[in-house]
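Quick notes on the structure that follows.
In listed order, ligands and their atoms are each counted from 1.
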Amino acid sequence: MIRVKVVDNGGLEEVRVYLEDSTSNKELIASFKTADYASESDKSFDVMMYLYRKQIPLPQGAGIARYRMIVEAEDKSKNVSQNSFDFNLHAPDLSKEEFVEIGSRLKMGEYMDWMVYTVPKEPDASFGFALFLMVDKDYDFKISDAEWKKFAADFDLKDQALATWDGDSDGKLTDSEFIKGIIKLNFYSDWDVNKDSIIDSSEFVGGIFDRWDHNKDGLLARSEYEERYFTYFLFE
Ligand SMILES: [Ca+2]
Ligand SMILES: [Ca+2]
Ligand SMILES: [Ca+2]
Ligand SMILES: [Ca+2]
């Protein structure tokens, strides 16, 4: 997230935000006409915006890249002034500890306390249900063949087949079919590190770490977490 305060004593017309990469490619990523924002004064404007991957494309294979953020302000008399700052974008390999720490900041475990739905009472079923919500990307309350294939690939379940989970053979999984399958995999006991029969949110994120670490080197490389994070944890 970036936050910039722009001040002009004559009154601001527009604020523009550019991103420039290390090859000097400059792209306008946002513009704000102060007239569109109700405020008591046009002499001061707060820019607050979140940056998403689409706006900051880290070059393929790069672990680090440098960017310049340029904020340009235009006042009512068409005077333009600029200010900028540089930042580094990192995509480091993450240890389990770091991933759990980041997961708690990003509230990755919130699937575990999703109260909008009727969550099954049995702890292992409610855990399976949390995973179900995570995998059901189009929110139709069924796991389709495409959702299943992605889940099986991402969570390293190459030996599993949808057909064996699909009790009524309709090609999709209901929540109860999915939960039964998850229970058979022993995820629940594997993820419950302190064996108190509850998967808390750090155990939930830790369990995801273990499933995503396909090469079992104890680290999540960018290729192991980036796309999956955007799939399962970024809500659009
Ligand atoms: Ca679905
Ligand atoms: Ca089914
Ligand atoms: Ca526990
Ligand atoms: Ca790894």
To 10°, measure the OD1(Asp213)-the Ca ion (ligand 4)-OD1(Asn215) angle for me.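 Roughly 80°, rounded to 10°.
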Before moving on, can you tell me the angle at the Ca ion (ligand 4) between the OD1 atom of Asp217 and the O atom of Leu219, to the nearest 10 degrees?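 Angle OD1(Asp217)-the Ca ion (ligand 4)-O(Leu219): 80°, rounded to 10°.
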For Asp154 and Tyr232, which I'm curious about, is there any donor-acceptor pair between the side chains at under 3.5 Å?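 Yes, a side-chain donor-acceptor pair sits under 3.5 Å.
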Do Asp75 and Asn79 have side-chain atoms, one donor and one acceptor, less than 3.5 Å apart?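 A donor-acceptor contact under 3.5 Å links the two side chains.
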Pair Glu227 + Lys150, salt bridge at N-O below 4.0 Å: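 Answer for the salt bridge query: yes.
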For the Ca ion (ligand 2), find the closest N/O/S atom belonging to [X] and write down its atom name.
X	answer
Asp170	OD1
Asp166	OD1
Glu177	OE1
Asp168	OD1

Could you identify the N, O or S atom of Glu224 positioned closest to the Ca ion (ligand 4)?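 The closest N, O or S atom of Glu224 to the Ca ion (ligand 4) is OE1.
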Which of the protein's N, O or S atoms come within less than 3.0 Å of the Ca ion (ligand 3), not counting waters?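 Listed by chain and number, the nearby protein N, O or S atoms are Asp192 OD1, Asn194 OD1, Asp196 OD1, Ile198 O, Glu203 OE1, Glu203 OE2.
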Using 3.0 Å as a strict upper limit, say whether an N, O or S atom of Ala221 approaches the Ca ion (ligand 4) that closely.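 False for Ala221.
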Between Asp93 and the Ca ion (ligand 4), is there a contact where an N/O/S atom of the residue lies under 3.0 Å from the metal?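 Looking at Asp93, which is the residue asked about, there is no N, O or S atom under 3.0 Å from the Ca ion (ligand 4).
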Where do Tyr188 and Ile199 come nearest, in terms of heavy atoms and distance?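 Nearest pair, atom of Tyr188 first, then Ile199: O-CD1, 3.4 Å.
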